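Bear in mind that the values here come from a model prediction, so they are computed numbers and not experimental data.
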Amino acid sequence: MNSPVRPPLSSIVPEHAPFTAEQRLWLNGFFAGLLDGDASALSSQEASALMPGVQIGGAAEDDDGAPWHDQTMPLPDRMKLAEGRPLNRRMMAAMGQQDCGQCGYDCKDYAEALFSKKEERLNLCVPGGKETNRMLKSLYSEIGTAPAAAKPAATAEAPVAKPEGAPGTSRDNPAAAIFVSRTRLNKPGSAKETWHIEFDLTESNLDYTVGDSFGLFPTNDPALVEAVIKALDAPADFPIGGRTLREVLTDGVALSPAPDMLFQLYSYVTGGARRKKAQALAAGEDPDGDAATLDVLAAIEKFAGVRPDPEAFIEALDPLQPRLYSISSSPKVHKGRVSLTVDAVRYDIEKRTRLGVASTFLAGRTRPGDKIRVYVQKAHAFGLPADPKVPVIMIGPGTGVAPFRAFLHERMATRAPGKNWLFFGHQKRDFDFFYEDEFNGMKAAGVLTRLSLAWSRDGEEKFYVQDRMLQTGRELWSWIADGAHIYVCGDAQRMAKDVERALIDITAAHGARSTNEAVHFVAELKKSGRYQTDVY
């Protein structure tokens, strides 16, 4: 007798019930298990993946389980899950949980390096930002006196990790690559600005594998640098460690967001109500309700008339960190070249346009022939299956399509016989169909077996890649049942979670499994390496 087809996850607790989406999702799974007579409960790690911050069951996970290792989980919830764990594990929980490599480590190894004091820089976690920096300072104090704030590389003697390997194999030992070109991927009329970027690697001798990321060191916007110098009322050629103030502001320090140390400096050089306000900001408080909008220039303007020494000012800033981008090319097709797919970030706050540092650096401030400091960040667990006959399912809306363009080029170059299915989506088909000619050509040639598209702004209701997945659920399940590997790239906060929920619904509906069994099945796909993500 066949098992009945279970209803999808969203069918038990109504939408109007007073729960968050994550709470409703977990409750649906819990009640579905009861209604199915399924005695097997979700493991606490599986439940944590679905409902961040809620620990199920009395037994704690082993340290190696790292149940807090979820970038969508708020920091307080991660720290709650890590309560009572060894200090190095709590340090790991404080981090951004992306294993992105921008710090030069993965999250676990960065925590181990801090705990052993092999690494003393507490401000390397770019995704974690201020929250992580503050928490790490607090945790670090438990193993001794916290180190002084790291100075920018341009002026500091702050300890740095010893470079290992050839140039270009780590952030601490970059190589030089030549910027070749940028090509706009959106058509006129798009609300977005996305670029195909190419670098020449022949002089750097860098190599990479599809799935890897490309790190680069950008420079700050010259107009912003000049505005900071003017607001400081300091000479642009003021000497800072053998360089000028303008030079250090250009490529040595980050100008957004304003770090706690800058407000601490202001608290030392002013008094009265302004001192109290600076002290509150340094402690992570928000006395005027504008702390989230304060970049370095806005912080100077907030304390207008207070003139810190330029050298002390520079030492209060964070170093300018490299940025990582998914590689969208294959070395088997474009030997000596690497390409990226980059959204230019621009947004307005109080009549001033803020710029994404690296994205607008690539989108406008670089010129063909410019040499840029770069490195290749090897993927931890994101790559094509070893067996070329294995089918692959790739889900990458927006710039998340980058590594899948690389995967398809690689499969095409190696004549891999496995089937390929790409889910891509964006706002409007007429304006935002990246690499349309390429993908259509691959489909016509049989390299791309299926191309499923979703356009969120073309209809009256928003329609996303996860909606297209549910529409094609029966065939998608047949691919999974045939051993397909699943890959997801893009936004971690919404898209990746929605895709995972869609996979659970598809597994339950078309795989004749209970909700708990479907959750467990998807968790097993992850453990076996058949479900890999590159999300941020």
Side-chain angles (χ1 to χ4, degrees), residues 100 102 126-127 129 152 154 171 174 176-199 213-231 246-259 292-301 317-328 338-375 377 398-402 426-427 431-432 434 490-491 536:
C100 59
Q102 291 192 72
V126 175
R171 58 171 281 156
I178 298 172
F179 180 83
V180 175
S181 65
R182 69 176 68 85
T183 305
R184 181 78 179 266
L185 291 173
N186 323 87
K187 295 182 176 67
S190 174
K192 297 287 188 176
E193 181 189 335
T194 309
W195 298 88
H196 176 80
I197 306 291
E198 295 207 357
F199 284 92
S213 297
F214 196 64
L216 59 93
F217 288 82
T219 61
N220 287 312
D221 174 36
L224 179 59
V225 169
E226 295 306 314
V228 168
I229 292 171
K230 182 178 179 181
R246 178 185 282 120
E247 289 171 338
V248 176
L249 287 172
T250 297
D251 61 16
V253 294
L255 299 181
S256 181
T293 70
L294 295 177
D295 65 356
V296 171
L297 177 57
I300 299 171
E301 293 171 343
L317 302 183
D318 288 335
L320 184 59
Q321 302 278 16
R323 301 302 198 268
L324 282 176
Y325 292 95
S326 299
I327 291 174
S328 59
V338 68
S339 70
L340 314 175
T341 306
V342 178
D343 266 341
V345 177
R346 294 183 174 87
Y347 55 98
D348 293 332
I349 296 179
E350 295 184 353
K351 300 180 181 180
R352 178 158 65 88
T353 300
R354 309 289 180 94
L355 305 178
V357 178
S359 66
T360 56
F361 170 74
L362 292 170
R365 298 198 298 276
T366 50
R367 295 289 180 268
D370 287 353
K371 290 189 175 183
I372 313 298
R373 291 185 300 148
V374 302
Y375 62 99
Q377 178 68 43
T399 56
V401 79
H426 209 302
Q427 292 189 347
F431 308 137
D432 303 309
F434 304 161
D491 170 56
Y536 35 83

Spacing of [X] atom [atom1] and [Y] atom [atom2] [to the nearest 0.5 Å]:
| X | Y | atom1 | atom2 | value |
| --- | --- | --- | --- | --- |
| Asn220 | Arg246 | CG | CZ | 13.5 Å |
| Leu255 | Leu317 | CG | CG | 7.0 Å |
| Leu340 | Ile327 | CG | CD1 | 7.0 Å |
| Asp348 | Thr353 | CG | OG1 | 4.0 Å |
| Thr293 | Arg354 | OG1 | CZ | 6.0 Å |
| Tyr536 | Leu324 | OH | CG | 11.5 Å |

- Query: Would you find a donor on one side and an acceptor on the other, under 3.5 Å apart, between the side chain of Thr360 and the backbone of Ala344?
  - Reply: no
Flag the pair [X] / [Y] as yes when at least one side-chain heavy-atom distance between them is below 4.5 Å, and no otherwise.
| X | Y | value |
| --- | --- | --- |
| Asp370 | Phe199 | no |
| Gln102 | Ser213 | no |
| Gln377 | Phe214 | no |
| Asn186 | Phe434 | yes |

- Stepwise side-chain hydrogen bond (donor to acceptor under 3.5 Å, both in side chains) check, Ser339 with Ser328: CA-CA 5 Å; Ser339 70; Ser328 59; 2.9 Å; yes
- Message: Test side chain to side chain contact (heavy atoms under 4.5 Å, CB included) on Leu362 and Leu216; report intermediate values, then the result.
- Response: CA-CA 10 Å; Leu362 292 170; Leu216 59 93; 3.9 Å; yes
- Could you tell me whether Asp295 and Arg352 have a side-chain N and a carboxylate O separated by less than 4.0 Å? yes
- Query: Around Lys230, counting heavy atoms of other residues, nucleotides and ligands shown, do more than 12 lie under 6.0 Å from its NZ?
  - Reply: no
- Message: On a heavy-atom basis, which atom in Gln321 and which in Arg171 lie closest, and how many Å separate them?
- Response: OE1-NH2, 2.7 Å
- Query: Hey, mind stepping through Phe361 and Thr366 against side chain to side chain contact (heavy atoms under 4.5 Å, CB included) and telling me if it holds?
  - Reply: CA-CA 6 Å; Phe361 170 74; Thr366 50; 3.3 Å; yes
- Message: Among Thr341, Asp343, Asp432, exactly one meets side-chain hydrogen bond (donor to acceptor under 3.5 Å, both in side chains) together with Thr194. Which residue is that?
- Response: Asp343
- Query: So Tyr325 and Ile197, side chain to side chain contact (heavy atoms under 4.5 Å, CB included) or not? Walk me through it.
  - Reply: CA-CA 11 Å; Tyr325 292 95; Ile197 306 291; over 6 Å; no
